[in-house]
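Order of listing sets the numbers, starting from 1, for every ligand and every atom in it. Values reported hereafter were calculated over all heavy atoms of this structure, with side chains retained and with hydrogens, waters and symmetry mates removed.
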Amino acid sequence: MKKRPFVTLDKLNEITREFPTPFHLYDEAGIRRNAQALKDAFSWNPGFKEFFAVKATPNPFLISILKEYGCGCDCSSMTELLMARAVGCGQGDIMFSSNDTPDEEFRFADEIGGIINLDDITHISHVEEAVGRIPKTISCRYNPGGLFRISNDIMDNPGDSKYGMTKEQITEAYRILKAKGAERFGIHAFLASNTVTNEYYPILAKVLFELAVELKEKTGAHITFINLSGGIGIPYSPDDDPNDIAAISEGVRKVYEEVLVPAGMDDVAIYTELGRFMMGPYGCLVTRAIHEKHIHKEYIGVDACAVNLMRPAMYGAYHHITVMGKEHEPCDHLYDVTGSLCENNDKFAIDRYLPRIDMGDLLVIHDTGAHGFSMGYNYNGKLRSAEILLHEDGSFSMIRRAETPKDYFATFDCFPEVYGKLLQ
Ligand SMILES: *Cc1c(COP(=O)(O)O)cnc(C)c1O
């Protein structure tokens with residue numbers, strides 16, 4: 001599939017007159033279209049709710065758009081909870097899917113109406129202690145162990161992952177929670193990440209639905225929701241086929257009819273905690289070529305670096321690059337596209353064939369809308385970029401300003417002498 005940017009060169013020239021590169025740009029039209037498609041796809045399930053994984057794109061302006069489509073928030077830290085509260089999430093709108101959780105976060109999550117998803121059986125006493133009781137609605141995270149396969153392909157290795165409880169533990173946890181007053185139970189599992197197959201959710205659903213039937217029989221717990229969590233991927237590479245959310249949902253519906261309905265569990269709500277799928281394709285990193293270097297290889301230096309987008313440096317992840325205005329020119333130049341960190345893995349692309357790049361060209365690095373800006377850091381004293389939202393009518397607004405040195409030095413503010421000198 002040919003990958004095209006959601007923005008034109010003319011529009012980018014207009015935006016960069018106002019906001020200097022680099023910045024992350026988001027596509028409001030795409031975010032809305034996709035959120036509506038998800039909602040439509042799961043409309044067969046009356047209780048369906050998507051809890052957007054805040055860690056993917058923690059920006060209140062973007063999360064507020066999703067909220068219009070009925071989405072809540074999936075949080076796993078204090079600041080993510082604060083953000084969910086700030087966008088107006090109330091009772092039942094927050095899923096607190098954390099692990100290794102501090103007690104005060106359990107307390108705060110409960111206080112603002114969040115549903116606690118327990119990562120471990122030992123957390124029961126922590127919640128009881130922190131909250132002062134066991135919440136009436138509670139969820140447990142499941143880890144089946146072993147390898148997670150689709151046909152013969154290994155999708156991921158739950159046996160090696162730190163999350164969730166074994167089947168024996170989740171059964172025991174349900175019994176304890178029920179005895180302590182829990183009334184509405186949920187099951188959660190996240191077994192594979194960035195899946196580019198329509199089969200992941202249906203296969204996961206089968207595992208969780210069968211577990212739900214077993215847990216109900218063994219413990220008598222009233223299971224009211226099953227959380228398929230995140231993991232639906234996006235086509236980062238032009239060779240990937242996009243997932244079809246209608247087909248995915250239809251696959252889940254079939255398993256629901258097959259497993260839950262005959263067990264008399266036809267009132268179970270399906271929850272999701274998608275991050276990447278909700279935002280990934282609807283953001284891009286806009287950067288400008290500022291240096292070219294010809295040594296043992298050909299390098300193009302841009303004004304963004306790995307602190308703006310860590311995935312290529314960290315995972316060797318592929319992010320497609322469009323040289324704006326040269327979409328129809330041949331990709332006959334072999335480049336490494338680099339940032340300026342003193343760190344040789346600071347490369348957005350290695351041995352990539354692109355059109356000839358001239359200094360000043362604008363490059364769009366695709367699919368940075370999730371786990372892009374949010375994984376940013378300040379190594380080498382680099383500052384985080386702005387985030388800009390391109391509206392449906394072509395207008396645009398800044399939804400987070402770029403950091404300044406003052407932000408970088410802010411935590412020295414308790415040493416006025418030093419702080420003053422740093423800001424001179
Ligand atoms: C990261 C995460 C998600 C979102 O994952 P995506 O791959 O972005 O869909 C959902 N739930 C939990 C608990 C997570 O840690």
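- Looking at Arg276, Arg141, His188, Glu273, it is Arg276 that brings a heavy atom closest to atom 6 (P) of ligand 1.
- In terms of protein heavy atoms, atom 14 (C) of ligand 1 is closest to Lys55 NZ, 2.8 Å.
- The shortest heavy-atom contact between Met165 and Ala173 is SD-CB, 4.0 Å.
- When heavy-atom distances to ligand 1 are checked against a 4.0 Å cut-off, Asp74 comes that close only through its side chain, counted from C-beta outward.
- Closest to atom 7 (O) of ligand 1, if we only count protein heavy atoms, is Gly231 N, 3.6 Å.
- Relative ring orientation between Phe19 and Phe396 is described as perpendicular, the plane-to-plane angle rising above 60° on a 0-90° scale split at 30° and 60°.
- If you number the atoms of ligand 1 from 1 as listed, the ones under 4.0 Å from a heavy atom of Gly275 come out as 4 (C), 6 (P), 8 (O), 9 (O).
- Within the 4.0 Å heavy-atom cutoff, Ser229 counts among the residues contacting ligand 1.
- Aromatic pair Tyr282/Tyr26: ring centres not closer than 6.0 Å.
- Remark: aromatic rings of Tyr271 and Phe51 are close, center separation under 6.0 Å.
- Numbered from 1 in the order shown, with element, the atoms of ligand 1 that lie under 4.0 Å from a heavy atom of Ala53 read 3 (C), 4 (C), 10 (C).
- Screening Lys3, His319, His320 against Asp367 for a side-chain hydrogen bond (donor to acceptor under 3.5 Å, both in side chains) leaves a single residue, Lys3.
- Counting only N and O atoms by type, the side chains of Glu343 and Asn380 include no donor and acceptor under 3.5 Å apart.
- Under 4.0 Å is where a charged nitrogen must lie from a carboxylate oxygen, and between Glu387 and Arg401 no such pair does.
- Summarising the contacts of atom 3 (C) of ligand 1 with Phe190, Phe52, Phe277, Phe96, the nearest heavy atom is found in Phe190.
- Residue-ligand proximity: Met278 is placed with every non-hydrogen atom at 4.0 Å or more from ligand 1.
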